[in-house]
Engineer: 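The structure that follows is given in the form of structure tokens.
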Amino acid sequence: MESGSTTRRVIIAGGGTAGWMTAAGLSHQLRGLGLEILLVESEQIGTVGVGEATLPHMRFFNQSLGLDERELMAFTRATFKLGIEFCDWGRIGDAYIHPFGDYGEDHEGIAFHHIWQHMQATGQAGRIDSYSLPCMMSEAGKFAFPSSRPDDLLATYSYAYQLDAGRYAQFLRRFSERNGVRRIEGRIVDVAQDPETGFIRELKLESGETVAGDLFIDCTGFRALLIGETMGARFMDWSDVLPCDRAIAVACQSTAPSVAYTRATARKAGWQWRIPLQHRIGNGHVYASAFVSDEEAGDILLGNLESAPNGEPKLLRFKAGQRDRQWIGNCVAVGLSSGFLEPLESTSIYLIQAAITALIEVFPAGTVDARDIAEFNRVMDLEYERVRDFLILHYHATERDDSAFWDYVRTMKIPDSLAYKMELFRERGIVVTYKDGLFLHPSWVAVYLGQRVVPERCDPRVVELGDEVWGKYAALKDEIQTRMTGLQSHQEVIDAYCPSGEEA
Amino acid sequence: MSPLPASQFDLFVVGDGVAAWMAALLMKRLQPGRAIGIAACDAAGPGRDDPVLVARPGFRALMARLGISEIDLLEQCDATFLLGTEHHLGGGGAFFQGCGAYGAPANGAAFHHYFLRLRTAGAPYPYDTFSLGAAMASQGKFIHPADNPRALESSFDYGHVIETARFRDLLSQTALSAGVVRTGAPVSEAIFTEGRIGSLQLEDGGHLEAGFYLDCSGPARTLWPDNPIQVLGPALLSQTARVDRAEQGSGNLSRALSTAGPSGWTSELALQSARVCQTFELADSEEANAHHLAAPWAGNCLALGRAAHRLSPVHTPFLALLERELDLLSALLPAEPGACEVEAREYNRRINETYARVHDFQTLFEIAIATRAGKSASAPSAPLARKLEQFRSRGRMVMYDEEVFSESEWTAALIGLGHLPERTSPLASAAPIAAVRANYEKLLHKIGQSTARMPDQLAYIAHMQKMMRESGGVDAV
């Protein structure tokens, strides 16, 4: 069951967000084990560094490290994020926000979206967004910290960050080095394996130096130098259901006060992001190269910026999918080396965090144990599969037929697991949720309804609800509006709480 | 003779036990405007239920939906508060399995990792000494849990032990008062039309029709006897139990006792007025296989309770499963009885997972009992095998969708039954053992102080009833 030597020396191959998050997590959480942690990275190799939008889970990762939020946000020039606005996805002209929080509240076991649908049919409802405080705050450019009192309206949502991922990695590097992590500058040119076990023994650097270790974390990005090239993990290609394979990214200057949400606008053969940081707007166009040329994709991006670009656009190539095993022998993949799911729902940093959390929970403090490897791979497979389904939903749930790309994604064969979920919602408004799913009930409702997947049948009890119930929901909508008027703008909160000192 | 005119219902329940009346009442509460009918059938009846029922913590929310208060249960069903089960394994081994917390997590690691460190370092404390619920149960104490989540007194939870016949009477009276209609003649069979139930034939020659049917007729499955079953695996313990009833006296009401014998085990459950002992013996016949209907919801008919499953009596899961069945039905109420295929598919997917996870928990105990009796134990299911492997390997608890028993119960059971992890979480290794020991010894002291201040359960119940009579409300003791 066990093999290899006792884990004393951990080698992280590659820096960037994945490398330094791993270094920070291991050096802090496993400080009692007396590990020696080395991170090998080369300044010659750039990092992808476009993962600027995050999910609320990241706050808990930072809290577990004891990081100061104000300091972190100022250093990374971060803004708050209450959700994502999707424009032109269901139909051109449509827009909805996927909030990090609830819509309305359930009534005696009847899910709110059933009640809302009935109210809408009888002309009493208005938009479902008007029953969500984070949606309304986002639209109004406001922000408030959530309340810890469960009965408070301000306790119905969470928040994440929009930040400079490169500077986040720098912040964590400082943190990790204070914890004793040693950084080695160098380019990895070869990997030596034990001829009997196949375990990685050492990394050979361009300088001639060798770096030996007991456990190797592959944070080498898309190249997957250790887990793929060395250990032979196969890449499972999901581009038949997630056909976007390129992104062009460029920043521009902010021309307006920052808002607390990311925008994802559907384009002819993909979509464009807009992520407001304190000092700039991050922009990018994710697209399927089979349906649009790089040149045209670049023109689409540049033609839809709100101000002049800060520099030359950067082209990224990728393929959606995951490694069939993310831990083999004494090698664990974290970040892009383990797989890639496009940034539509800001899951890249989340998947890094999930891998670090799972690794820490089954960390081979003694020797590597096959049972730990199996559990890590099971957990990560589940994470990837469930994120994948949620991403595919955005493309497949559309009425758009204005381009070959949208025709393809609208009619493509989707995984059975997602087909089942969509059928249940479409026919009866049932949201299939699982204990270990990343996206919870409100997230699925947001995308379904936002993209015109409307249930044919509702909970039969809604037709029997009385006026007092409808009055309750009217009052909730009013209360949200009333609370909104007293809130500060997002920009005011940023200026008071965590100004970066950088010129906008 | 021409048939009697058909009676029309929106939903009709067949059965006369706890499952039938609870289902009928809940459906009436959920949809007061609908016509809900109920009738017995020859095969079903209150006598087929267990003499006492065990309710888990989630049962309280279901009772609230039914409009039945805790004081009703105490006064009309001889009910008691149950904090957990004390298992005696023979040879002096014993452990407590409760719903509440054991110890407290620290630095992201569950308490049992610290417990294992303490154990390795020679600390003499059994796992359950770190549970307030266990301390209360061992002394027969009870209060309601505190609302303040930071208070030690919020760290336990409770269920109930309920006298079945009286509970069934309470449910039927409440259901009839709420407008459920009981027909006079028992149901003899269902008449099918194109794969769905079209009407029910009554024993007096009459018949009735409904949009949807609930089969609560027990193992006879009167409405759909040919509905195929799915076998979960051997259930070594025979359902044929000997039941002894003894006067309660002033015994401990707060715990259940489960005592392993040479070829089975005895469970003892406390009502206010009596103690009920049931003895279960090992059985090897195929009859003892645990199973459930492959599709408990088929067409316009849903089987509930023992019409849907036959699991081992270990941990008396009947009421816990009924609670889950009714929760799922409530969430998936058929909008149109003629077109509810997706609701049925989702119900069957989730409830079948639930049956499998309960069977896993029972298998854990049955393996221990069979091993003790020198019999070959059934192989665990793949999910249970993974759970056992991960826990034994490093104390990692794998929890699945649709679990009924909580993570703390699984942990207590695994440790109690001797499945001790080979390694602990690295997250639990940061603090020095002396600090860990001092921290948890402080907790033990608090548990001792808190328990000493609490009343015996009988006194607590008497106080509740007095408060109820005097002021129409109940204050904490």
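Quick note: numbers below take in every heavy atom, side chains included, and nothing from hydrogens, waters or symmetry partners. Please read all numbers here as calculations on a predicted model, not as lab measurements. Letters A, B, ... are given to chains in the order of the sequence lines, protein chains preceding strands, and every chain is numbered from 1.
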Engineer: Quick check: does any side chain N or O of B:Gln390 sit under 3.5 Å from a backbone N or O of A:Arg371, one acting as donor and the other as acceptor?
Structural biologist: yes

Engineer: Can a donor-acceptor pair be found, under 3.5 Å and without considering hydrogens, that links the side chain of A:Arg461 to the backbone of B:Ser330?
Structural biologist: yes

Engineer: Could you tell me which non-hydrogen atom of A:Pro460 sits nearest to which non-hydrogen atom of B:Pro334, and how far apart they are?
Structural biologist: CG-O, 3.7 Å

Engineer: I need the residue from A:Ile110, A:Val432, A:Val362 with the largest number of non-hydrogen atom pairs under 4.5 Å to chain B.
Structural biologist: A:Val362

Engineer: Which distance, rounded to the nearest 0.5 Å, do you find between the CG of A:Leu424 and the CZ of B:Arg349?
Structural biologist: 8.0 Å

Engineer: Between B:Arg65, B:Arg345, B:Arg350, which has the largest tally of heavy atom pairs under 4.5 Å with chain A?
Structural biologist: B:Arg345

Engineer: Please give me the minimum heavy-atom distance between A:Tyr420 and B:Glu346, naming the atom from each residue.
Structural biologist: OH-OE1, 2.6 Å

Engineer: Quick test of your reading of the model: are B:Arg394 and A:Glu361 salt-bridged, counting only N-O distances below 4.0 Å?
Structural biologist: no

Engineer: Can you tell which of B:Val342, B:Val398, B:Leu332 has the highest number of heavy-atom pairs within less than 4.5 Å of chain A?
Structural biologist: B:Val342

Engineer: Output the option from A:Arg31, A:Arg378, A:Glu108 having the highest count of non-hydrogen pairs under 4.5 Å with chain B.
Structural biologist: A:Arg378

Engineer: Do other residues, nucleotides or ligands put more than 12 heavy atoms under 6.0 Å from the CG atom of B:Asn148?
Structural biologist: yes

Engineer: Around atom CZ of B:Arg437, are there more than 12 heavy atoms of other residues, nucleotides or ligands at under 6.0 Å?
Structural biologist: yes

Engineer: Mind checking the OG-CG spacing from A:Ser64 to B:Asn107? Nearest 0.5 Å is all I need.
Structural biologist: 9.0 Å

Engineer: Would you mind checking which part of A:Leu30 comes under 4.5 Å of any heavy atom in chain B, side chain (CB onward), backbone (N, CA, C, O), both or neither?
Structural biologist: side chain

Engineer: Which heavy atom of B:Ser429 sits nearest a heavy atom of A:Leu33, and at what distance?
Structural biologist: OG-CD2, 3.3 Å

Engineer: Taking all heavy atoms of B:Gln31 and all of A:Glu464, pick out the closest pair and write down the distance.
Structural biologist: CA-OE1, 3.5 Å

Engineer: Is the shortest distance from a Lys or Arg side-chain nitrogen in A:Asp372 or B:Arg396 to a carboxylate oxygen in the other one below 4.0 Å?
Structural biologist: no

Engineer: Got a donor-acceptor contact below 3.5 angstrom from the A:Lys435 side chain to the B:Glu402 backbone?
Structural biologist: no

Engineer: Does A:Arg428 reach the main-chain N or O of B:Cys340 with its side chain, forming a donor-acceptor pair under 3.5 Å?
Structural biologist: no

Engineer: When you measure from the side chain of A:Arg457 to the backbone N and O of B:Ala339, does any donor-acceptor pair fall under 3.5 Å?
Structural biologist: yes

